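Owing to the predicted nature of the structure, the values given are computational and were not obtained by experimental measurement.
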Amino acid sequence: MTLLLYILDVVLTFAVGWVVIRWIMEMGYRKGIYDLPDGKRKIHSVPIPRLGGLAFFPIISITMAIMMLFLIPMMKESWQDSFTELWALAALFFASAILYILGLAEDLHRVRGLYKFFVMTAATIILVVSAGIVNSEGGLLLRDPDGIFGIEHFPICVSIIVTIISFLHMINAVNLIDGVDGLSTDICLLALGVLGTMEYMEDHTGYALLALAAICVLLPFRYYNTHGLKKKGEKLFMGDTGCWTLGMLITFFIIHLSSCKPVHPERHYMLIGYTTMIVPLLDLPRVGIHRMLLGRGPFVPDNSHIHHKLMRLGMNPLGIRTFVTFTTIVFVVANMLLADRLNVAWIIAADVAAWMLLNWILNLRIRQFER
């Protein structure tokens, strides 16, 4: 029965996603809802619809609602605590709906940065508080820092703050890495694949189905995003709506795996989960610090992201996607091998040092290349 659910999940999400995403793309061209080139930061030279992410949240939500009709009778076998897990999914749905509306407004009309920050923070607080209402052990919180600096458990106040910051960091990191065709999509596909596998190993069937649904709705989008022809009107961008949805979902999986008393705690789910998104997560603060050192605001757009550096080295979108994905895989494998040998604090320090070294090498190569 469980295998049939996975098959139904794949077929339903992929088929509906393909139809809806193509319809959104055609509507974008008909209505003139474009992401316009600016001749500066944006690398595309013709107007391209940017509402691809509009399909993610509704399709995933509808698919999961159908899955629940089959999964509810199996809950005692599939989930550790059916009511708590269902409530967490409902909280995720509500918080994602708030982000979805905000993302749609941003993609269509643009929203002031301070307003976006407040709405994102409110959505995150709603998710964290709602998930904790029915869970006496703290709900959806980063309580166990995996032994970093010898700390086994955060105090509840610290845990709430760290959790909210984690959501905001991931949501914005996914958005800011979305500057090259297929780049954020490939990173998110890798992260969802790893996190979905972890949920499956923990016997969380509902969450594994959720991750699989997200993967299957991303695949048809990726086709039009990376292989669509601009001249034929078959090109599509994700937009903020899609990026924020994926950022919220990926963070939810990481924190859920870290807070659910895993059957296999030795697999270091929190460390490995965050490592799957290590490139955008480390690139975001690096770019902010770089801008402030130049006397600019940390949120002022520029061309200092990792994909901009790779473009300055002459890489095409395929080369950039390959480089970033391979770099992520190297970090994931290295951290998996080191997790049982070193304290997490030392692993994080090594990751940051490696990231700084990589950027120093890229900067050196850029200066040599541009001479």
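Taking the side chain as every heavy atom from C-beta outward, F167 and M120 never approach each other to under 4.5 Å. Residues L210 and M67 fail the side-chain proximity criterion, which asks for heavy atoms closer than 4.5 Å. In this structure, L127 and M248 have side chains that are in contact, with non-hydrogen atoms separated by less than 4.5 Å. Side-chain contact between M198 and L195 is present, with heavy atoms from C-beta onward closer than 4.5 Å. Under the 4.5 Å side-chain criterion, counting only non-hydrogen atoms from C-beta, I215 is not in contact with V10. A 4.5 Å side-chain heavy-atom check between L246 and S184 finds every atom pair outside the cut-off. A heavy-atom distance below 4.5 Å is not found between the side chains of T226 and P317. Between I21 and L236 the shortest side-chain heavy-atom distance falls below 4.5 Å.
Between the side chain of N225 and the main chain of F221, no donor-acceptor pair closer than 3.5 Å is present. Judged purely by atom type and a 3.5 angstrom limit, N359 uses its side chain to pair as donor or acceptor with the backbone of W355. The main-chain N or O of D240 is found under 3.5 Å from a side-chain atom of D107 such that the two form a donor-acceptor pair. With hydrogens and angles ignored, the 3.5 Å screen pairs no side-chain donor or acceptor of T275 with any backbone N or O of V332. Here the side chain of T241 pairs a donor or acceptor atom with the backbone of L104 at under 3.5 angstrom. Remark: side-chain polar atoms of D283 are paired, donor with acceptor, to backbone N or O of I306 under 3.5 angstrom. At distances below 3.5 Å, at least one donor-acceptor pair connects side-chain atoms of R286 with backbone N or O atoms of S304. Under a 3.5 Å cut-off, the side chain of H169 and the backbone N or O of L281 do form a donor-acceptor pair.
Of the candidates T163, V158, I164, V162, I160 forms a side chain to side chain contact (heavy atoms under 4.5 Å, CB included) with just one, namely I164.
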Just do the side chain to side chain contact (heavy atoms under 4.5 Å, CB included) check on I98 and L102 with the steps written out, would you? CA-CA 6 Å; I98 295 174; L102 177 66; 5.7 Å; no
Just do the side chain to side chain contact (heavy atoms under 4.5 Å, CB included) check on V180 and V324 with the steps written out, would you? CA-CA 11 Å; V180 174; V324 173; over 6 Å; no
Side chain to side chain contact (heavy atoms under 4.5 Å, CB included) between D178 and F237: does it pass, once the steps are laid out? CA-CA 9 Å; D178 186 32; F237 289 161; 5.8 Å; no
Taking it one step at a time, do I177 and L284 satisfy side chain to side chain contact (heavy atoms under 4.5 Å, CB included)? CA-CA 8 Å; I177 200 69; L284 179 60; over 6 Å; no
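Both Y200 and M68 sit in one connected hydrophobic cluster of ILVMFWY residues. Membership requires side-chain heavy atoms under 4.5 Å apart, directly or through other members. When hydrophobic clusters are built by joining Ile, Leu, Val, Met, Phe, Trp and Tyr residues whose side-chain heavy atoms come closer than 4.5 Å, directly or via intermediates, V19 is not grouped with Y224. In terms of hydrophobic clustering, with Ile, Leu, Val, Met, Phe, Trp and Tyr side chains grouped at heavy-atom distances under 4.5 Å, F369 and L362 are assigned to a common cluster. Grouping the Ile, Leu, Val, Met, Phe, Trp and Tyr side chains by contacts below 4.5 angstrom, directly or via other members, places I165 apart from L176.
Classified by interplanar angle (parallel below 30°, tilted 30° to 60°, perpendicular above 60°), the ring pair Y207/H204 is perpendicular.
For M292, the CE atom sits in a packed shell: over 12 heavy atoms of surrounding residues, nucleotides or ligands are nearer than 6.0 Å. Within a 6.0 Å sphere centred on CE of M356, other residues, nucleotides and ligands contribute 12 heavy atoms or fewer.
The CE atom of M64 sits 5.5 Å away from atom CG of L89, with the distance rounded to the nearest 0.5 Å. Distance check, rounded to the nearest 0.5 Å: CG of L313 to CG of N363 gives 9.5 Å. In this structure, E199 CD and L212 CG are separated by 12.5 Å, a value rounded to the nearest 0.5 Å. Taking OG1 from T251 and CE from M277, the interatomic distance works out to 7.5 Å, rounded to the nearest 0.5 Å. For the atom pair CE of M170 and OG1 of T124, the computed distance is 12.0 Å after rounding to the nearest 0.5 Å.
Contact record, T328 with T276: CG2-O, 3.3 Å, taken as the closest heavy-atom pair. Across every non-hydrogen atom of A208 and G196, the tightest pair is CB-O, 4.0 Å. The two atoms that bring A88 and F252 nearest to each other are O-CE1, 3.9 Å, heavy atoms only.
Ring centers of F56 and W244: at least 6.0 Å apart, outside the cut-off. Within the 6.0 Å centre-distance limit, the rings of F93 and F57 are counted as a close aromatic pair.
Salt bridge R222/D186: present, at least one basic N to carboxylate O contact under 4.0 Å.
Under the 3.5 Å distance criterion, with hydrogens and angles disregarded, a donor-acceptor pair is assigned to the side chains of Y269 and E202.
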